[in-house]
Each structure stands twice: as structure tokens, then as C-alpha cells.
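In what follows, chains carry the letters A, B, and so on, assigned in the order in which the sequence lines appear, proteins first and then strands, with residues in each chain numbered from 1.
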Amino acid sequence: MDIERKLIKRASLGKLVEQLRAEGKVVLAPKKKKNVVFFEPINTIDEMSTDYIATTQSPKAAAFPKSDRILKFENGKEGIKFEGQPTSVYPETVVLGLRPCDATGFDSLTAIFNWDYKDQLYNDRLAKTTFIGISCASCDAYCFCTSVKGGPGNTHGTDILLTAVDGGDFLAEIVSEKGKKLAVSGQQYFEADSGADKEKFLANVPVKFDVDTLVPKAQNSFESPVWLEQSLRCIGCGACAYVCPTCACFDMQDETTGSKGQRVRCWDSCGFGLFTLHTSGHNPREVQSARWRQRVLHKFSYMPERLNVVGCIGCGRCSRACPVDMNLSEHLVNLAEA
Amino acid sequence: MDDLRKKAKDLLESQAVNVIIGYGEGTSGAVRAIFPRKAEETDKLIYDDRCTQNLAVYLMKHEIKHMEKKGIVATIPAMRSILQVASEYQLKEDELVILGIGPDGKLVDIPGFKAMEDYLATQDFGIQEDDKAILRKIDAMSMEERWSFWKDELSPCFKCYACRAACPMCYCTRCFVEVNTPQWIPISANEIGNFEWHLLRAMHLAGRCINCGECGRACPLEIPIHLLTYKMTEDVQTDFGVTAGLKADMPSVLSTYKLEDKETFIR
Amino acid sequence: MYKENIYLPYLMNIERVTEEAPFVKTFRLKFANEEEGKQFTYKTGQFGEWSVFGEGESTFCIASAPTREGYIECTFRQAGRVTSALASLGEGDQIGFRGPYGNVFPIEEWYGKSLLFIAGGIALPPMRSVIWNCLDLRDKFKDITILYGARAVKDLVYKQELEAWKNMPDVNLHLTVDPGGETPEWKGEVGFVPTILDKVAPASKDCIAIVCGPPIMIKFTFPVLEKLGFADNMVYTTLENRMKCGIGKCGRCNTGSVYICKDGPVFTREQLKGIPAEY
Amino acid sequence: MAEFEPRIVAFVCNWCTYAGADLTGTSRIKYATNVRIIRFPCTGRIDFMLLLKAFGNGADGVMISGCHPNDCHYTSGNFHARRRWMIFRRLLDFAGIDHRRIIFSWVSAAEGAKWAQVVNTAVEEFRQLGPYDNYHAASKEPLEREVING
């Protein structure tokens with residue numbers, strides 16, 4: 001579909017949010033609490049923060065929440081009754097203010113969740129979600145989207161991409177059918193394109209490495225000593241994985257009260273020591289270096305090989321969230337130059 | 001800083017240690033832990049105001065534990081962690097060389113645990129004023145306000161366990177949240193599960209926390225969880241007169257008792 | 001929109017419980033919904049996610065042979081949260097089962113050849129599915145040799161079936177227990193599996209070896225097979241790693257870029273040599 | 001409206017309070033029926049986690065009772081427990097969890113009458129406090145929020 005250019009005034013964006021809410025849609029937008037920015041439901045645009053490079057928490061929860069019910073069960077006298085989570089209750093959702101890199105992140109998630117077996121929970125949530133992205137006018141030292149074939153104004157993955165242009169109004173690029181539908185239902189808020197030069201308003205994100213060189217190198221680096229060297233200071237928490245927009249590893253757990261309960265899927269991290277522990281006590285990834293290697297290679301070797309997609313979008317969240325300054329792009333540069 | 005580098009270099013050259021756990025330059029003005037294992041790498045060691053991470057956490061890390069003799073750049077919180085962990089029989093004195101750093105940022109000569117105890121006895125290490133102010137603010141709240149405060153603070157927690165990973169005292173190979181027969185604490189990060197996790201983690205640090213504040217600093221969501229253990233160190237001090245991390249052979253507060261322990265609530 | 005929730009298990013009724021060894025039980029299971037049972041098919045080598053509602057899921061192989069219709073069986077050792085809960089259940093109770101997942105033993109490719117099964121301890125269950133499958137198609141194969149070892153006599157699983165195999169004229173069965181694990185009545189071999197394999201020395205010509213056991217047993221068995229002349233592509237094994245989903249999503253079981261749940265669990269030794277050993 | 005009947009879980013030690021409660025019964029002393037007693041080998045074994053679990057599963061009040069100081073069957077279990085409760089009680093208070101809903105007592109095997117009196121008083125106090133709504137609300141259907149918000 002051809003991208004259609006429109007203009008939306010800042011005030012109109014607020015009215016659009018009000019209309020979406022009036023239609024019963026959940027609008028998730030960046031909200032700031034201290035220095036941390038989350039995607040949370042908003043009622044009016046005033047609640048939305050614009051003061052962020054990338055949000056602390058990625059928008060992946062829109063389609064892959066930190067805890068998600070798979071099924072409910074009940075142990076009764078006549079045996080066990082269970083039913084899968086009906087996905088019809090998932091709300092129509094609009095994610096406003098995600099970055100172009102974030103939108104690309106759903107490619108990685110989709111590749112994983114649809115690898116042969118199609119994951120209904122994820123797909124049904126995603127199908128009900130519309131993404132209104134906002135291009136990046138600035139970046140910081142952790143950003144490296146341009147190194148993984150992204151860009152601060154990339155339209156891929158968003159349904160509508162807004163770019164703040166002169167005077168604070170937004171250039172609105174209507175990218176997908178979903179975007180078009182939304183733009184039509186709120187057509188009074190979209191005006192004719194002013195012809196602004198989008199590129200002029202985008203951040204300049206330097207390219208740190210060439211991903212096409214990196215991937216083949218990563219594929220041959222399993223035995224490399226870099227993993228131990230890089231990961232000595234890693235303390236094995238899951239902060240990087242939990243803020244990552246493409247990390248999809250999960251755990252499945254049963255939670256019960258009395259005779260009733262539910263089976264839940266919740267986020268997990270390959271960085272945790274017990275992630276791969278066998279019941280026998282044997283652990284294939286006994287040490288942190290093996291776990292760090294798994295994290296990097298999963299994104300830059302295994303996913304490209306098996307799913308034809310690089311599992312990283314260069315948002316830099318992992319490095320910002322890391323309590324011990326494990327800087328991913330720096331390590332990738334090392335690897336690419338090794 | 002030159003003193004530090006020189007001492008580290010000497011230690012590695014004389015093979016008195018196999019590794020130095022210290023601070024180096026990180027990215028974008030950040031500081032990170034570095035692990036020089038060759039004398040020439042000691043030039044990368046730094047020490048300044050930005051060096052706040054409690055490096056004692058690495059003494060418990062599998063890969064580093066197995067490097068046998070280690071030197072560690074230890075600020076006062078790190079020294080206290082070392083003594084505390086040693087009192088729990090997790091560290092041997094002869095495997096460690098301390099490169100002590102005083103409050104003025106200068107190298108202090110700490111030849112052993114005894115010297116460390118003596119040095120710490122001369123130091124002042126209360127809870128920092130800003131944290132103290134928040135503690136008093138919470139104390140002054142009504143019970144309902146405190147409940148709302150913590151509910152609000154803990155609700156974003158997604159259980160990445162950075163607080164646990166950053167803590168030198170959280171060295172269990174299997175934490176109570178990972179004990180699953182039965183499963184006590186919910187794995188999923190839900191409201192009450194987050195309460196249970198943080199309160200019980202704090203309890204497991206009762207009489208052991210040395211107020212380095214790493215847990216709060218490590219939290220990617222800026223949840224002030226360190227306040228829980230800070231409050232508890234105050235309580236342990238009030239009730240039992242004990243301060244953690246001052247002696248290498250101090251019995252644990254909660255596995256000992258006194259006949260005269262005074263409470264007012266048992267009927 | 002995708003219609004089906006891929007994590008929904010089948011509800012299974014426990015028809016029979018067999019105590020195999022200390023802490024080891026076999027469940028014979030029937031589909032609570034007969035229609036589901038009729039549509040269900042699987043092949044030997046595949047595994048599933050077995051669940052106790054309220055405790056969670058656990059991964060292990062289907063221990064019955066697809067040639068035996070109308071039920072499936074699983075054998076498990078009581079070890080963790082789920083298997084302990086399973087062990088507390090009895091006939092008439094219900095559990096969940098998701099599957100079948102993973103690849104299969106290519107039995108059709110083995111037609112006309114001899115078969116050598118080598119198993120240790122609790123690793124006989126995945127093998128038992130293959131053994132019965134092949135025995136049910138006995139005339140398709142030449143010699144069938146089974147070498148099975150356990151730590152002690154009491155730890156040998158499927159004791160009745162071992163007896164049955166012993167009495168089959170066209171099956172060579174060698175049982176062994178580790179030194180010290182024998183009882184006064186023990187008539188089998190005493191010694192570790194690789195040692196006994198070396199002693200029995202089956203001919204490698206036109207023979208497929210299927211090996212399954214603890215890592216230490218595998219480690220010492222492979223060189224013996226090599227010595228006996230078994231080519232790497234004639235040696236099969238089945239791997240296990242911790243899993244949650246069983247279908248390539250949860251991110252646990254991969255060893256390098258190979259996912260044990262999807263590319264395995266059955267591998268030839270030749271394939272194993274080409275992948276990192278994260279298992 | 002019927003009077004609110006608090007649900008109470010009592011964690012008691014096997015050697016003193018459990019025997020004491022038994023004596024209350026055999027002595028035909030009537031007392032409030034709101035208490036579900038859970039017997040432990042010793043107060044030293046009553047993990048602090050269990051208190052939170054009791055509230056999470058719907059209790060409005062919790063009672064903990066064991067041997068008087070110096071009477072512990074295992075010599076010092078109750079002394080250890082006492083230290084733990086001193087700290088835990090303050091921590092709960094700091095977290096905004098209502099420590100008035102946890103009542104501690106020493107009740108010996110001979111104090112059947114005391115047990116009845118302790119329970120009756122506790123029930124009355126818990127009744128005054130009302131149901132522990134905010135804790136129960138937080139523990140109920142923990143995933144409902146995530147499911148709705150996506």
C-alpha cells in the first residue's frame with residue numbers, strides 16, 4: 001500500500017485520543033514516573049510524556065504482556081474442567097508514541113510466535129492493536145537502530161507514523177490498512193500535507209557496525225573467548241531481557257487458589273542461572289558467559305539463521321537498563337571487528 | 001589513583017593475586033567493573049565519585065570465585081559486605097587482598113579482616129540523609145498511606161531480579177522464589193506477588209543488609225526497594241543493638257537470640 | 001485470527017498405574033474425549049508436555065509404541081514439582097497432555113537392517129517406544145539386540161517387559177547393573193554399559209545403534225561403538241533439555257541454533273558432531 | 001445486618017498451644033469458632049511467608065501462639081521466633097500491612113482458659129477492624145488487570 005501523507009495538528013492529536021477513548025479503545029502511551037517511562041493507558045493526551053528517547057519499558061506488552069493467562073481450570077468432583085483464555089475479551093488497543101525501532105520489534109516477536117505453530121494469544125492481541133509511532137527527533141549514545149537497518153523515521157511496522165515538523169504539528173504518514181481505517185474514522189483531525197521535508201526533523205543516529213558483516217561472524221563465534229571477557233561483569237539479572245522489545249523467552253506456570261486456578265505465561269530471561277537447569281541438577285548453561293553468549297547469539301546468529309530476522313532493533317534499552325553497564329552495541333562492535 | 005594502579009600492578013606482577021576487581025571507564029560517562037588479570041591492564045583502573053557499585057557482589061560470582069586469589073577495590077560498603085559475607089562462611093581471608101578506598105577516595109592499607117574491622121570502627125556510615133528523609137516521611141504516613149505508597153511503587157516491578165543480582169548478600173544458588181515444591185511466591189509479576197517477593201527478600205536480609213543501596217540503584221524501574229532493608233537495619237539496631245558487616249565472626253542476628261529480647265506485643 | 005490456542009492440553013484419564021522402580025511410575029492414559037483420541041496420531045521418538053492442573057507442565061517422551069492403539073503411556077521419575085504431583089495421582093485421576101512434538105526415529109529407513117538398542121537407567125522409556133514399535137514389525141529387521149543397564153537391580157524399569165524380551169527367541173537381551181548394584185539372585189551382567197557393550201561386541205555391519213542414557217554413559221559408549229565400526233550416521237540418540245512450550249518459542253532448549261524441541265529430540269551422532277554441546 | 005465474622009488462621013506449636021487448645025475443648029470452655037488452627041512442630045518453624053499467605057488466601061486475622069519463654073520443647077525455638085516476629089512486625093508496618101491483624105501469644109498446655117480468652121479477644125479486635133479488604137483485593141484475580149489492558 002502506498003504511504004499517504006497528511007498533517008495532524010498537535011491539538012487535533014489530543015482530540016483524536018479522546019475520540020479513540022470514546023470508541024472504547026485502550027490508548028497506551030508513554031507516561032513518566034520519576035525518570036522511568038512506561039506505556040500505560042491514558043485518557044487524555046496531557047497524561048502522555050514526550051520527554052523520552054526510548055521508553056524504559058518497551059511496547060511489547062501490548063501483544064505479549066508480562067503475565068498472560070493461557071487457560072483457566074477447576075478441579076471438581078466430576079474431574080477437571082478447563083478452558084482456554086477467550087481472546088475476544090482483548091481490548092482494541094492503540095499504542096501511541098512508540099518509536100520506529102519499537103514497531104520493527106514486533107517482526108521479531110511475530111517470527112518467534114508464528115514459527116510453525118501460530119500463537120493465538122499473541123496474534124489476536126496484535127491483530128487488535130494499532131500502532132501510531134512518533135519519529136525520533138533526538139537520540140542518545142545507546143541508540144543504534146541504523147546499525148541494524150532501522151532508522152529514526154522508518155515507517156515499517158507502524159500503522160501511522162507521526163513526525164513532529166515546524167510549529168509542533170505532525171506529519172502523519174498513513175502506512176497500513178489499519179492506519180487508514182483509523183485515519184478515516186478520525187478524518188476531521190487529519191489535514192492536507194504541508195509538504196514538510198521529513199528528513200530535516202529526524203535524529204542523526206550514527207551507524208556503529210555493519211550487521212551483514214556481524215551476522216556471519218556471530219555464526220562462527222560460539223567458541224570465542226569474547227563471551228567470557230564481555231560477561232565477567234554481568235551479574236545475571238533479567239533487566240535487559242525484560243525491557244527488550246524483542247525478547248520473547250517465557251515461562252509457563254500454574255497458579256491455584258483452592259480448587260480453581262490458571263495457567264499463566266510470564267516473561268523469563270536466558271540470563272537467569274536456573275533458566276536451563278535440568279531437574280537432575282545438570283545445567284547446559286552453567287556459567288554466565290554461556291548465558292550471555294546465548295542472549296547475543298540468539299539475536300544475531302540463531303534468529304537470522306532460523307527465522308530470517310535479526311532479533312535486535314537497536315533501541316539500546318538493554319544497555320540503559322543494565323545496572324553494570326553491559327553495553328550491547330559496544331560488544332557488537334567488538335564482535336564485528338574481531 | 002596512581003597509588004591504586006601501582007598497588008594493583010604489584011599484586012598481579014608478584015602473582016599475589018590472579019585478578020583485580022576494580023572500576024574502569026564505561027560508556028557515556030558511566031563507570032563499570034573491570035577485571036585486570038595482567039599487570040599492564042591495571043592502567044585502566046580508576047577511582048572517583050562515580051564509582052558507587054558495591055564490587056563485593058563479584059566475589060560470589062561463579063567465574064570469579066574460581067579465580068582463587070583476588071584483589072578487590074573496596075569502598076566502605078564493599079568492606080562491610082566482605083566482613084558480613086565472611087561471617088557467613090562464604091569467603092576465606094587468605095583468598096582476598098583488599099585495596100581499600102577511604103571516604104576521601106584515597107587508598108587505605110587494609111592487610112586483613114582484623115585491620116578492616118579496626119578501620120571500619122573509626123568510620124562513620126549511617127544511612128544517607130536523603131534516604132533517611134524518605135524513611136521518616138514514610139514513618140509519618142498513616143498505615144493506609146503506606147500501603148498505597150508501596151502498592152504504587154511496587155506495581156511496575158516485573159521481577160527481573162536485578163535487586164537480587166546486585167546484592168552481595170544474595171548469593172544463594174537457589175533463592176526462595178525459585179523453590180517450587182510447593183511454589184510459594186508467584187512467578188508472574190502480579191500485585192500481591194510483588195509485595196511478597198520484596199518483603200520476604202527484605203526479611204532474608206534482616207541483620208545482614210549493610211545499606212549499600214545497590215538493590216535500589218540496580219532497579220531499572222527505579223523502585224526504591226532499598227528503603228525496605230534500610231528500615232530493617234534501623235530496627236535491628238534498635239531492637240538488638242547489632243550492625244551488620246563490622247566483624248568477620250559475627251553470629252547472625254536471626255539465628256541467635258537473647259533471653260532478655262524485649263517486645264511489647266506478645267500476649 | 002488464529003482459532004486454536006496451541007497451549008491447550010488434551011484431558012487424559014489415567015487408566016493404569018504401574019510401579020516400575022523406586023520413584024518411577026508408568027501411566028496408561030486414555031483420551032477423556034474419545035473423538036480427540038481417534039484423531040490423535042504420533043510416531044516413535046516424539047515427546048509431549050504432561051501436566052497436573054495446579055502444578056504445571058513437565059516434558060518427557062511418549063513411552064508407548066504407536067503400533068499399540070487406543071492408549072498412550074508415559075514413564076516418569078518423581079523428581080520435581082510436576083512429577084511429584086503426577087506420582088501422587090492414581091487410576092481415575094485426570095492429567096493434561098500436549099503433543100506430540102519433535103521429530104521421530106526414522107524406522108522405515110532401518111528396514112532390512114539389524115538393530116542395537118543401548119539404554120541406561122531411566123532412559124529406557126524413550127527407547128521402549130522404539131523397541132516395541134520394531135518388535136511389532138519384527139519381520140522387517142534382522143537381528144535385534146537390547147543392552148540395558150541400571151545402577152542397581154531395583155532400578156531396572158519395565159521388569160515384566162524385560163522378562164518378555166528375554167523369552168523372545170529372536171531378541172538378544174543383555175542386562176547389566178553397576179558393580180555393587182547386584183543382588184545374590186542376579187543372573188545378568190555386572191559392569192557399566194560401555195564395558196558390557198565392548199564385551200558383547202555386536203557386529204556393526206548393516207546395524208543401527210540407538211543409544212539413550214545419562215550423559216556420562218553416552219560419553220563412554222560412543223567410543224566403543226566407534227571401535228566396533230558403527231559409522232556416525234548409524235548411531236542415533238535422543239536428547240533432552242529443559243523445555244516449557246515444546247514448540248520452539250520459550251527459548252530454553254536450543255543448543256546453538258538447533259532447537260531440541262523442533263529439530264530433535266532424535267539426532268544421529270553425525271548431527272551431534274555439527275552442533276554445540278549445550279545439552 | 002449480621003455481624004461481621006472474621007476469618008482467622010492460627011499457627012500454633014504442637015507442644016504448648018495446640019495441647020492448650022485441646023484442653024480448652026476437653027474442659028468444655030466455649031470460645032469463638034472463627035479460628036482455623038494449623039499445627040506446627042514449633043513456633044520456630046512458622047515461616048513469616050505463611051502469614052502473608054494466610055492473608056492472601058482470605059484471612060482477616062492471623063494468630064500465632066507457642067510455648068512461654070523457657071518452655072520450648074526444643075529449648076530455644078520460641079526465642080528465635082520472637083526475634084523474627086519483632087523484625088517482621090515492624091517491616092509489615094512499614095509496608096502498610098496491618099500488623100494489628102497479627103496477634104501473638106504464649107499459651108501453655110495447661111492454659112486452656114487463656115487460649116479461649118486470647119481467641120475471644122482476638123475475634124473481637126478483628127471484628128472491629130473489619131474485613132481486610134485492601135489486601136484481599138490485591139490478591140484476587142491478579143491477572144485481570146493485565147488481561148484487560150493488554
ring-ring contact (aromatic ring centres under 6.0 Å, His included) with D/Phe104: which residues, sequence neighbours excluded? B/Phe265, D/Trp85
Side chain to side chain contact (heavy atoms under 4.5 Å, CB included) for B/Phe195 and B/Trp147? Distances and angles first, verdict last. CA-CA 10 Å; B/Phe195 252 97; B/Trp147 170 259; 3.8 Å; yes
Under 4.5 Å from a heavy atom of chain B, the part of D/Asp47 involved: neither
Name the option with the most non-hydrogen atom pairs under 4.5 Å to chain B; the candidates are D/Asn70, D/Ile97, D/Asn134. D/Asn134
Determine which residues belonging to residues 164-172 of chain B lie within contact range of chain D, meaning some heavy atom pair is under 4.5 Å apart, and list them by number or answer 'none'. none
Please classify the contact between D/Ile103 and chain B as side chain, backbone, both or neither, with a heavy-atom cut-off of under 4.5 Å. side chain
For chain B, which of D/Ile102, D/Leu52, D/Ile87 has the most heavy-atom pairs under 4.5 Å? D/Ile87
At a 4.5 Å cut-off on heavy atoms, which part of D/Tyr135 comes close to chain B: side chain, backbone, both, or neither? both
Suppose the criterion is side chain to side chain donor-acceptor pair (under 3.5 Å): which pairs have a residue in residues 232-244 of chain B, not counting sequence neighbours? B/Arg136-B/Glu234, B/Asn211-B/Thr233, B/Gln237-B/Thr243, B/Asp239-D/Arg90
Top contributor to chain B contacts, counting heavy-atom pairs under 4.5 Å, from D/Leu50, D/Asp98, D/Val118: D/Asp98
Would one find more than 12 heavy atoms of other residues, nucleotides or ligands at under 6.0 Å from atom CG of B/Asp130? yes
Aromatic ring proximity, centroids under 6.0 angstrom, D/Phe40 and D/Trp15: no
So what's closer than 4.5 Å to chain B heavy atoms on D/Leu92: side chain, backbone, both or neither? side chain
Using a 4.5 Å heavy-atom cutoff, which residues in residues 16-31 of chain D come close to chain B? none
